[in-house]
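What follows is one structure encoded as structure tokens, with my remarks underneath.
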Amino acid sequence: MSTPLIVTRQLAKSYELGGHVVHALRGVSVEIAAGEFVAVMGPSGSGKSTFMNLLGCLDTPGSGEYLLAGERVSGLDRDALAAIRNRRIGFVFQSFNLLPRTPALENIALPLLYCGVPAEERERRAAARLAEVGLAERGHHHPAQLSGGQQQRVAIARALVNDPVLILADEPTGALDTLTSCEVMALLQQLNAHGMTVVLVTHERDIAEFAKRVITFRDGAVVEDHAVEWPKDAAAMAEELRTAQQPRPGALA
Amino acid sequence: MNVLASIRIALRALRINKLRSALTMLGIIIGVAAVITMIAVGSGAQQRIEDQIKGLGTNLIILMPGSTTAGGVRMGAGSRNTLTEEDGYAIQRDIPGVQASAPTLRGTGQVVGGSGNWSTVFYGVTPEYFEARNWVVAEGKGFDMADVTGAAKVALLGDTVARSLFGDADPVGQVIRIRTVPFTVIGVLERKGQSLGGQDQDDVILMPISTARKRVLGQGAGRLRTVGSVSIKVRDGEDMKEVEGQIRELMRQRHRIQQDREDDFTLRNLSEVLATREESSRIMGLLLAAVASVSLLVGGIGIMNIMLVSVTERTREIGLRMAVGARGRDILTQFLVEAITLALIGGLLGIVLGLGGSLAIGHFAGWPIHLGMEPVALSVGFAAAIGIFFGFYPARKASLLLPIEALRYE
Ligand SMILES: Nc1ncnc2c1ncn2[C@@H]1O[C@H](COP(=O)(O)OP(=O)(O)OP(=O)(O)O)[C@@H](O)[C@H]1O
Ligand SMILES: [Mg+2]
């Protein structure tokens with residue numbers, strides 16, 4: 001196998017808070033190959049988000065090394081990190097983070113604005129991604145006019161618009177109900193089936209079981225890392241939930 | 001990120017907080033409007049003085065009788081009748097640097113003619129007067145020395161007098177009565193407008209000096225041929241000071257004034273007076289513009305304030321933009337464009353208000369207004385500069401945020 005997409009070596013990060021030091025990460029070394037679907041789990045405060053922010057080049061590590069597709073990322077300057085976020089990584093957040101009062105299409109096209117794609121091309125690509133997440137008719141709706149699940153799908157379309165190599169999702173289902181969560185997970189599974197690498201943070205075991213590999217954190221370190229033999233099928237589960245919610249035809253008769 | 005996209009983002013952001021944007025702009029609107037209005041009023045005043053200098057000629061000297069001392073109290077200039085018609089002719093004859101020297105008698109009286117009557121000022125003058133005071137005959141003709149010798153009852157009307165008596169009809173050839181004496185109108189003078197003191201210079205009648213003396217003012221033939229003043233125009237290229245000195249010398253000789261005695265006449269160089277006034281009106285204009293700029297500065301600070309608020313409010317938005325690939329300079333551009341847009345829209349509205357205000361002042365207060373392109377261009381430039389200057393700090397602050405901290409901001 002070729003070089004893994006993600007390699008971290010002794011990645012550490014600590015914060016100073018009022019005189020005493022919080023070790024959010026204490027030397028994390030993992031490798032993630034292209035095409036994997038990884039769920040990161042662990043109790044609150046165990047460093048999952050910190051780890052994800054480092055993978056996403058949103059934050060810089062205190063020490064250790066991070067290689068993305070063989071390229072050493074730690075040590076790059078702000079603009080180079082911005083370019084990596086722009087072209088290689090797609091983010092999905094728990095709170096969606098869509099721009100308010102801005103149509104869905106423009107939200108999706110946002111990353112393209114920062115790499116010089118002309119307006120028509122932006123619109124075309126955004127519309128294509130919106131159709132892929134099943135919201136083709138909602139292009140001109142503002143976030144406030146969409147449900148939570150729809151907003152998250154728009155956010156996923158935005159993450160995909162610049163053809164990244166990696167999707168990072170920090171608790172993408174944290175604000176959604178079970179059915180909508182399943183739908184979002186189905187979308188991520190479908191992307192992964194087409195070869196996209198997905199790293200997902202969750203503290204729900206149900207959600208983690210949709211992934212192919214689960215890494216567990218405790219106190220800023222990896223305590224468990226195992227493959228899931230039979231990942232659940234999110235699309236099938238969503239279908240099941242939908243039929244269960246609908247009143248059975250003839251049940252009243 | 002291109003500028004067009006930045007402008008669209010800026011306009012959306014400004015639309016979201018309509019009232020706030022409008023109030024922020026108000027500072028710039030008032031500032032720019034004030035600057036434009038003040039400059040229009042200031043340069044209008046200056047323009048008028050310049051016009052007057054042109055109308056007067058830049059090389060006019062007025063010779064007037066001197067002051068008298070009565071019981072230790074000095075009376076004003078012209079309180080003694082020491083100046084004669086012959087003094088005026090002598091200056092014309094003996095001083096080569098003088099282009100025209102015109103002795104003048106002044107009087108006031110009621111004029112009847114055409115469809116009405118009018119109270120006005122008349123001057124008895126010689127033909128040189130037209131040259132000395134830059135009067136142009138608009139219709140009809142002027143008079144010559146023969147009319148002066150013969151004390152012809154002919155008159156030229158100033159524009160105001162002509163209009164008051166005859167309306168739109170042609171006064172040339174008509175008969176009018178000045179203090180009951182019948183005159184034939186032989187010409188109408190070209191308009192000059194207001195004088196320095198705001199007097200209407202066109203409210204005037206000109207006639208031969210001899211006619212004024214004998215037929216209207218009724219001074220006997222035996223008396224000294226005194227005059228009120230002599231208007232002297234110095235030839236172009238001559239040194240005003242030098243010619244003034246020659247006139248003084250000649251007058252002292254003619255009036256037989258001893259070495260140790262004071263002049264019994266006064267020489268006034270009107271263009272100098274005007275130059276001083278021009279200077280002071282220029283300084284006044286600058287002062288007004290400076291005061292107006294202060295309000296522009298206050299408007300700029302308002303923009304900075306709102307931009308700082310906006311950056312703080314939109315910290316998460318900034319974090320998100322950074323997360324999807326915006327570089328520091330993209331964020332800087334975005335907020336700078338927003339500040340400039342705010343300032344420029346305010347600036348343009350301010351220009352409209354300023355131009356309207358200037359025209360209104362010109363119309364209702366009757367002040368002279370001068371609207372040039374420069375203050376407009378200056379204000380636009382100034383507004384943009386304010387946007388850049390006061391927008392830069394908040395924009396830079398935004399661009400230096402760390403992506404993760406901005407995203408986490410609450
Ligand atoms: N900006 C910060 N300043 C100070 N301490 C921080 C900061 N960010 C995180 N921490 C600390 O680092 C540790 C790890 O935080 P992190 O957000 O990675 O946890 P997490 O695993 O994502 O938890 P959760 O499941 O609750 O989201 C925590 O103890 C937290 O208090
Ligand atoms: Mg977290």
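A, B, ... follow the sequence lines: proteins, then strands. Residue 1 opens every chain. Values in this document were obtained by computation on a predicted structure and should not be read as measured data.
- Scanning both residues, B:Ala323 and A:Phe93, for their nearest heavy atoms gives CB-CZ, 4.2 Å.
- Closest approach of B:Ala326 to A:Ala82, counting heavy atoms only: O-CB, 3.9 Å.
- Looking at B:Arg15, there are no atoms closer than 4.5 Å to chain A (heavy atoms on both sides), in backbone or side chain.
- With chain B as the partner, the residue from A:Asn162, A:Val117, A:Asp59 showing the most heavy-atom pairs under 4.5 Å is A:Asp59.
- Residue A:Glu65 places its CD atom among more than 12 non-hydrogen atoms of other residues, nucleotides or ligands, all under 6.0 Å distant.
- Only the side chain of A:Asn53 comes within contact range of chain B, with at least one heavy atom under 4.5 Å from a heavy atom of that chain.
- Interface remark: A:Arg158 contributes side-chain atoms only to the contact with chain B (heavy atom separation under 4.5 Å).
- Heavy-atom pairs under 4.5 Å with chain B peak, among A:Leu98, A:Leu81, A:Leu112, A:Leu99, at A:Leu99.
- Interface remark: A:Arg78 contributes side-chain atoms only to the contact with chain B (heavy atom separation under 4.5 Å).
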Inset, instruction - Check the pair A:Asn86, B:Arg327 against side chain to side chain contact (heavy atoms under 4.5 Å, CB included), reporting the backbone distance first and the verdict last. - result: CA-CA 10 Å; A:Asn86 186 240; B:Arg327 290 156 301 179; over 6 Å; no
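- Using a 4.5 Å heavy-atom cut-off against chain A, no residue of residues 348-383 of chain B qualifies as contacting.
- With rounding to the nearest 0.5 angstrom, the CD1 atom of B:Ile16 is 6.0 Å from the OG1 atom of A:Thr102.
- Proximity to chain A among residues 401-410 of chain B is limited to B:Leu401, B:Leu402, B:Pro403, B:Ile404, B:Leu407, B:Arg408, judged by heavy-atom separations below 4.5 angstrom.
- Contacts classified as salt bridge (charged side-chain N to carboxylate O under 4.0 Å, His left out) and involving residues 332-350 of chain B (residues at least two apart or in different chains) are given here: B:Arg314-B:Glu338.
- Only the side chain of A:Ser95 has a heavy atom closer than 4.5 Å to any heavy atom of chain B.
- Ranked by heavy-atom pairs shorter than 4.5 Å toward chain A, the options B:Met322, B:Arg12, B:Arg316 are led by B:Arg12.
- Taking OH of A:Tyr114 as the reference point, atom CD1 of B:Ile331 lies at 5.0 Å (rounded to 0.5 Å).
- Annotation: residues 20-41 of chain B contacts chain A through no residue [non-hydrogen atoms, separation under 4.5 Å].
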